[in-house]
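See below for the structure under consideration.
Each chain gets a letter, A, B and so on, in the order the sequences are listed, and its residues count up from 1. In what follows, every heavy atom counts, from backbone to side chain, and hydrogens, waters and symmetry copies are set aside.
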Amino acid sequence: MSTEPVVAEAGRDFIRDIVQADLDAGRYKEIVTRFPPEPNGYLHIGHAKSIALNFGIAQEFGGHCNLRFDDTNPTKEEQEYIDSIQADVHWLGFDWGKNVFYASDYFERLYEWAEGLIRGSLAYVDDQSQEEIRATRGTLTEPGKNSPFRDRSVEENLDLFRRMRAGEFPNGARVLRAKIDMASGNINLRDPVLYRILHAHHPRTGNKWCIYPSYDYAHGQSDAIEGVTHSICTLEFEDHRPLYDWLIEKLPVPSRPRQYEFARLNLTYTLLSKRVLTQLVRDGHVAGWDDPRMPTMAGLKRRGVPPAAIREFVKRIGVAKANSVVDVGMLEFCIREELNRTAQRRMAVLRPLKVVIENYPEGQVEELEAVNHPDDPSAGTRKIAFGRELYIERDDFMENPPKKFFRLSPGTEVRLRYAYFIKCREAIKNAAGEVVEVRCTYDPATRGGNAPDGRKVKATMHWVPAAQSRVAEVRVYNQLFANPSPSAANFAADLNPESLEVLRDARVEPSIVEGSSNEPMQFERQGYFVRDRAFTPERPVFNRTIGLRDTFAKEVGKG
RNA sequence: UGGGGCGUCGCCAAGUGGUAAGGCAGUGGAUUUUGAUUCCACCAUGCGGAGGUUCGAAUCCUCCCGCCCCAGCCA
């Protein structure tokens with residue numbers, strides 16, 4: 001066992017620097033962090049940044065990270081979300097062990113501490129209405145006014161607070177407020193609400209409570225109870241820190257956690273607000289929280305994005321305090337990088353065009369060998385049937401090709417991957433003038449894909465045998481939003497009408513639909529695909545995770 | 001015009017007084033039975049601006065400019 005100080009191998013950032021300095025100074029014997037979602041929605045890739053930060057720091061510095069549900073508002077929270085959050089954190093690759101907690105576990109202690117605040121004349125029950133409180137809070141530039149109930153006696157406050165808890169008053173009738181400073185420049189210090197009356201059923205505590213602590217009151221104290229050393233949250237809580245510290249100082253808490261803030265993740269072509277995501281689902285713009293176009297963990301998972309790619313992504317973007325918008329291309333790079341390394345290759349034709357090899361014997365079938373991964377021989381090989389009739393990609397044939405088009409066109413010769421060189425003789429068209437079949441000849445000497453005479457072809461194309469291939473549905477996804485910086489206020493206007501394209505008569509090699517593996521695959525020259533959860537051998541359905549980099553398309557786009 | 005933050009390459013982001021890391025994107029080129037991958041090269045005399053201190057400043061000081069957050073009994 002080494003006694004060397006633990007040094008993070010991952011990218012350094014200002015928070016890890018603080019943790020390291022705290023360790024070096026001997027301020028803590030163990031680093032404790034926490035990931036504290038409110039169970040009021042599904043986790044998204046922005047949460048992944050926070051999860052990786054909190055769990056990552058705990059791992060790197062030999063501490064632990066708690067999963068804590070910040071369930072202080074029963075009107076918004078549901079068990080469904082508690083369950084999905086746990087599943088998603090696990091899927092991302094992090095484990096809280098036994099350390100799963102709920103703010104609601106601490107309601108009794110929080111309540112007792114609140115009475116303590118009252119006894120110390122640091123909190124009071126305010127009878128003002130919500131409107132009155134708002135009206136007397138002041139503005140950004142003007143101080144607020146003290147509540148007429150601010151100087152109630154301790155006895156009266158205690159009595160009222162207990163009756164609040166006992167359920168004597170309706171929602172909104174009274175609140176418990178901290179007595180701080182109505183003239184503070186920091187609005188969070190203008191007598192913030194600590195408890196409100198909410199006659200609502202809580203997913204964990206049921207109907208036991210009808211008063212609930214506010215975030216500000218519950219969060220820091222929960223941290224302290226759990227022995228959290230570094231309470232990491234996003235930038236918008238910066239001005240809550242003085243209140244966080246005030247409560248920690250005034251209350252008899254068992255430890256003194258400190259809050260640090262970092263910038264939340266923003267992505268181009270993406271909206272991550274819970275409000276928007278919820279509305280996207282509710283209004284039917286997507287098929288659900290796990291629609292593969294959603295930036296939710298569930299969506300990314302169903303889309304086929306490997307958790308390792310997300311971890312790599314959040315590692316690469318770093319942690320800082322500057323508001324920023326990360327190019328979604330960065331995420332896509334990480335997905336391709338991971339999938340290129342791990343996904344086995346297969347052949348599938350998304351938009352089939354029939355090819356008949358005129359000089360190939362009618363009825364003959366032979367088996368060709370294909371490698372499963374070009375850079376990983378241990379992935380092995382497989383056999384693919386080859387016959388007189390095949391399918392190739394529609395895009396791979398052009399009757400009147402522009403310059404720089406290397407694929408098949410009348411008179412040109414190309415290679416069918418793992419098979420033969422073929423040469424196009426003629427294109428057969430239907431009445432509408434569309435090419436429906438391509439007649440070719442093959443060179444038997446090029447079996448396996450090489451010409452004994454050393455002649456070269458400029459293109460190698462994927463293909464699938466007509467008789468042995470299977471029909472499949474392939475869902476091709478593009479950005480959900482067409483605008484690189486979609487409007488959160490009016491997101492519907494920025495939706496990409498072409499975010500989903502369903503190809504119902506794709507043709508895939510049999511190995512793709514056989515077996516029970518749900519591993520991602522690369523359909524050669526197309527991209528990476530996974531079986532959708534709706535997949536059955538009888539009705540195979542695939543999702544395209546992401547396309548391959550396509551410099552040819554880019555070239556064409558330029559022209 | 002109150003309080004709290006932030007401004008380094010198209011996008012992230014190191015840098016903490018010693019002469020601008022890295023990644024993504026982009027651009028050239030090599031290899032290639034995926035127009036993929038891989039590899040190699042190029043890509044900030046400049047760090048929001050203006051002054052100042054210093055032998056030396058992205059880093060220190062002054063002033064200015066811009067952007068973000070806060071007036072929920074949401075988190």
Salt bridge (charged side-chain N to carboxylate O under 4.0 Å, His left out) against [X], all qualifying residues, sequence neighbours excluded:
{"X": "Arg346(A)", "value": "none"}
{"X": "Glu132(A)", "value": "none"}
{"X": "Arg165(A)", "value": "Glu108(A)"}
{"X": "Asp376(A)", "value": "none"}

Original post:
Does Asn450(A) have any side-chain contact (heavy atoms from CB on, under 4.5 Å) partners at least two apart in sequence or in another chain, and if so, which?
Top reply: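 In terms of side-chain contact (heavy atoms from CB on, under 4.5 Å), with neighbours along the sequence ignored, Asn450(A) is linked to Arg415(A).
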Can you tabulate the close N/O pairs, meaning under 3.5 Å, that link protein atoms to atoms of nucleotides 36-39 of chain B?
unit_1	atom_1	unit_2	atom_2	d
rA36(B)	OP1	Thr551(A)	OG1	2.8
rU37(B)	OP1	Arg549(A)	NH1	3.4
rU37(B)	OP2	Arg549(A)	NH1	3.0
rU37(B)	O2'	Asn340(A)	ND2	3.1

**OP:** Please identify each residue that fulfils ring-ring contact (aromatic ring centres under 6.0 Å, His included) with Tyr442(A), with sequence neighbours left out.
**Re:**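 Residues passing ring-ring contact (aromatic ring centres under 6.0 Å, His included) with Tyr442(A): Tyr360(A), Tyr420(A).
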Subject >> Phe523(A): ring-ring contact (aromatic ring centres under 6.0 Å, His included) partners, not counting sequence neighbours >> reply: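 Listed in chain order: Phe529(A), Phe542(A).
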Subject >> Side-chain donor/acceptor contact of Arg525(A) with base of rG35(B) under 3.5 Å >> reply: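 For Arg525(A), whose side chain was compared with the base of rG35(B), there is no donor-acceptor pair (under 3.5 Å).
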With 3.5 Å as the limit, what N/O pairs link the protein to nucleotides 40-42 of chain B?
none

**OP:** Give every residue pair that meets the salt bridge (Lys or Arg N to Asp or Glu O under 4.0 Å) criterion with at least one member in residues 446-465 of chain A, sequence neighbours excluded.
**Re:**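 Those involving residues 446-465 of chain A are Glu366(A)-Arg447(A), Glu413(A)-Arg455(A), Asp443(A)-Arg455(A), Asp453(A)-Arg455(A).
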Original post:
Which residue pairs pass the salt bridge (Lys or Arg N to Asp or Glu O under 4.0 Å) test with at least one member in residues 231-243 of chain A, sequence neighbours excluded?
Top reply: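 Passing the test, one end in residues 231-243 of chain A: Glu236(A)-Arg264(A), Glu238(A)-Lys321(A), Arg241(A)-Glu261(A).
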Subject >> Sugar-phosphate, base or nothing in reach of Lys404(A), heavy atoms under 4.0 Å >> reply: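 Since a base atom lies under 4.0 Å of Lys404(A), the category is base.
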Original post:
What string of B, S and - do you get for nucleotides 70-75 of chain B, 5' to 3', when a contact is any protein heavy atom under 4.0 Å?
Top reply: BBSBSB
Subject >> Closest-nucleotide 5' rank along RNA chain B - winner of Thr460(A) and Phe14(A) >> reply: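 Nearer the 5' end of the strand: Phe14(A).
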